[in-house]
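Quick notes on the structure that follows.
The figures that follow rest on heavy atoms only: side chains count, while hydrogens, waters and symmetry mates do not.
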Amino acid sequence: MTDTLRTVEGQPDDVFDTARGSALVDDVALVLRSALAGDGDGVVDAFDKAATRSGVVGAYEVAWSLAGATVGDGIALGPWRLEFPGIDEATYDKRWVARFLSAYANADEDSAEALFGAAIADGKLPQCLMTLAGSAVATLRHRDGRAR
């Protein structure tokens, strides 16, 4: 899986300002369906599809929507400080997801975009997006009472 999301990583990182569309809903649903089924290749394909259609923006918007699914609705407006014990010892992708979710909870798209760009620059975006998808699925299962 080392050469996944190649279309995302090959795009310029200054294209974060496009509109969200119905394709986004389809992409997010496909990521979640694939992740729920344990289909890592399907998750990658869904992100690749979004990136092929909309570049970095497409993958970013799917990730932002996954963060929304993870954080949930009805969150009071921030500022929020999320505590993640042991975060400094966590792997890159887990630290990234914690910070990306924190950015979402604080409605801080500037920080989220910076995190996304840093993961691209560090060559870690594929792992980060897979971890984000897994986190979203685990959270949704937990909320549904089917923690796994």
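Following chains of ILVMFWY side-chain contacts shorter than 4.5 Å, one cannot reach L129 starting from L30, and the two form parts of different hydrophobic clusters.
Side-chain contact check for D45 versus S34: every heavy-atom pair is 4.5 Å or farther apart.
With rounding to the nearest 0.5 Å, the separation of OG1 in T70 from CZ in F100 is 10.0 Å. Here CD1 of I120 is found 11.5 Å from CG of L115. Values are rounded to the nearest 0.5 Å. In this structure, CG on D122 lies 12.0 Å from CG on D93, to the nearest 0.5 angstrom. Rounding to the nearest 0.5 Å gives a distance of 4.5 Å between CD of E109 and CH2 of W64. The distance from the CD atom of E61 to the CZ atom of R53 is 9.5 Å, given to the nearest 0.5 Å. Rounded to the nearest 0.5 Å, atoms OH (Y60) and CD (E113) are 4.5 Å apart.
The backbone N or O of T131 lies less than 3.5 Å from no partner atom in the side chain of S135, so there is not a single donor-acceptor pair. Not a single donor-acceptor pair under 3.5 Å links the side chain of R33 to the backbone N or O of V28.
For A98 against I87, the heavy-atom pair with the smallest separation is CB-CD1, 3.6 Å. Closest heavy-atom contact between K94 and A90: CB-CB, 4.0 Å. Shown here for L140 and A69, the closest heavy-atom pair between the two residues is CD2-O, 3.9 Å. Taking all atoms of both residues into account, the shortest heavy-atom contact from D108 to S111 is OD2-OG, 2.6 Å. Counting all heavy atoms, side chain and backbone alike, F116 lies closest to A63 at CE1-CB, 3.9 Å. The minimum heavy-atom distance linking A35 with V43 is given by the pair N-CG2, 3.6 Å.
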Margin query: Go through it in stages, so that I can follow the logic: the residues are C128 and L132, the test is side-chain contact (heavy atoms from CB on, under 4.5 Å), and I'd like the CA-CA distance, side-chain angles, deciding distance and then a yes or no.
Written below: CA-CA 6 Å; C128 294; L132 178 62; over 6 Å; no

Next item on the list: Would you please test L32 and L66 for side-chain contact (heavy atoms from CB on, under 4.5 Å) and show each step?
Entry: CA-CA 8 Å; L32 289 173; L66 289 174; 3.6 Å; yes

